[in-house]
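First comes the structure, then the notes that go with it.
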2 protein chains.
Amino acid sequence: MVERPFHHGNLRAELLDHAEAVLREDGADGVSLRDLARRAGVSHGAPRSHFVDRQALLDALAVRGFERLGERLREVGAVDPDRAADATFEEAVQRVARAYVDFAVQDAALMELMFAAKTDHASAAVERAAAGLFATFDELLDQHRPDQPMDPHDRQRFGLLFAAAVQGTASLVGSRRISADQGAALVDDATGILVRTFFPTLRPAPAGERPPAAPRSAG
Amino acid sequence: MVERPFHHGNLRAELLDHAEAVLREDGADGVSLRDLARRAGVSHGAPRSHFVDRQALLDALAVRGFERLGERLREVGAVDPDRAADATFEEAVQRVARAYVDFAVQDAALMELMFAAKTDHASAAVERAAAGLFATFDELLDQHRPDQPMDPHDRQRFGLLFAAAVQGTASLVGSRRISADQGAALVDDATGILVRTFFPTLRPAPAGERPPAAPRSAG
DNA sequence: ACCTGAACACCGTTCAAGT
DNA sequence: ACCTGAACACCGTTCAAGT
């Protein structure tokens, strides 16, 4: 009844919420366990009950990031049953790619955490979450092309190429090497090329939206 | 005559050298001004004479990284006068892309520093160095296709798509999301698709090396 | 199981002072 | 111009102790 313990099981989540806010504001360097404890109104040793060390908290943030990004991509990439598969496929790929880059723009520091360079030990939880994200790429592919299942090898290639394109754009935008607008255009361009390379029969050249020339001389 | 000052003008460089070693070993988090001062045998306040704060030192490392990567790419991407331009072009692009990814594998923490998410202020020196790296992409394009100058718009597109592909692969490999071997195969695949998309007349389909089929012997 | 609070070693940064 | 060394505020981490 009384609010004595102040935190009855939700301290972990509250710490993560505060951490996410600080991360967005000041970057990963600004995330301090003592500061988070202060914000939550607990002693500086309290976080230790939920995170063995600072890295464990950052890893938990990364896991959350992978999960949230995956959810968003699944929302955005859902099949539209009212439209022809062909017409909707490239659009869906492009929407997913755009959502990926948008995420990186809005949460650049979180994205950096999710793809941080691993010098030594890797967190198993983070690796699992990351693998889950990449698995959704494959799911989306299968969802949209049930009539035309891809060769497993090509499916993996497409997935990796897609991942490299969106992650590369995300990295360039997140580090401010290019603008958000440039990133959106870039990722559109990349997905267009990918789709046309792997599905040359789709969209028989609407004239005006093609690269310099057809990747395959369609005649 | 005596070696009293111990450091006569080279302390800055020595600090950076130590920092680079620590960076490789323990990541950016392990880089501490006080530790670097200790390694150089100076007082903990001495680095302040060369770097206004810790971030300034990290920025200087990033600048060095961009310069070193640019040099390497220029070495690797140099034109081979003994060969036909067509035959050597895709190979050169692929060599440059590979060198980029190799750099990211060997210096993952440095790469992370070079493409760190900017929450607030950006260092002008880092931006200049980064711009220099992207300029070398364009230089390499011009070097290899003097006979067939690209449309400026397509040149910029190619440069951005190339940058996204190599940086994306670098990020995936540096964060251990994929292996170094997968990264090499991926970047080969991506550059192959890019070259064939922008230069469809090059390499008129040697049958068996096209996208939907084998990517390239990954090793 | 969860949290407190003291203790320890280590930081970045500032600054008056030396050379 | 470059470096020293004290001072300050802030960390992460450990740990005995409380509930």
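Given the structure is predicted, the values throughout are model-derived calculations rather than measurements. Residue numbers begin at 1 in each chain, while the letters A, B, ... track the order of the sequences.
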Could you walk me through whether B:R39 and B:D35 satisfy the salt bridge (charged side-chain N to carboxylate O under 4.0 Å, His left out) test, starting with their C-alpha distance in whole Å, then the side-chain angles of each, then the deciding distance to 0.1 Å, before giving a yes or no? CA-CA 6 Å; B:R39 289 172 193 249; B:D35 174 61; 2.8 Å; yes
Tell me, with the steps shown, if A:D17 and A:R64 meet salt bridge (charged side-chain N to carboxylate O under 4.0 Å, His left out). CA-CA 10 Å; A:D17 287 342; A:R64 271 185 156 205; 2.9 Å; yes
With side chain to side chain contact (heavy atoms under 4.5 Å, CB included) as the test, would you mind laying out the steps for B:R177 and A:M114 before giving the verdict? CA-CA 10 Å; B:R177 300 286 161 250; A:M114 291 158 60; 5.9 Å; no
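For A:R12 and C:dC3, the CZ to P distance is 12 Å, given to the nearest whole Å.
Residues B:Q106 and B:D102 have side chains that never bring a donor and an acceptor to within less than 3.5 angstrom of each other.
Counting only Watson-Crick and G-U wobble pairs whose two distances sit under 3.5 Å, DNA chain D takes part in these stems of three or more pairs: C:4-8 with D:12-16, C:12-16 with D:4-8.
Judged by distance alone with a 3.5 Å cut-off, a donor-acceptor contact links the side chain of B:H44 to the base of D:dA6. Residue A:R48 places no side-chain atom within donor-acceptor reach of the base of D:dG12, judged by atom type and a 3.5 Å distance cut-off alone.
Along DNA chain D, the nucleotide nearest to A:D35 and the one nearest to A:V52 differ in position, and the one closer to the 5' end is contacted by A:D35.
For the residue pair B:L15 and B:A40, the shortest heavy atom distance occurs at CD2-CB, 4.1 Å.
Using modelled atom types, one side-chain atom of B:T169 and one backbone atom of B:A165 make a donor-acceptor pair closer than 3.5 Å. Using a distance-only test at 3.5 Å, with no hydrogens or angles considered, a donor-acceptor pair links the side chain of B:D53 to the main chain of B:A56.
A salt bridge between B:R196 and B:E90 is present, with a side-chain N of the basic residue lying under 4.0 Å from a carboxylate O of the acidic one.
A:S49 has no side-chain polar atom (N or O) that falls below the 4.0 Å cut-off from OP1 or OP2 of C:dC2. Here A:S32 reaches the OP1 or OP2 of D:dC11: one of its side-chain N or O atoms lies under 4.0 Å away.
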Identify all pairs in which a protein N or O lies below 3.5 Å from an N or O of nucleotides 17-19 of chain C, and state each distance.
none

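In this structure, B:R34 reaches the bases: a heavy-atom distance under 4.0 Å links it to at least one base atom across the strands shown.
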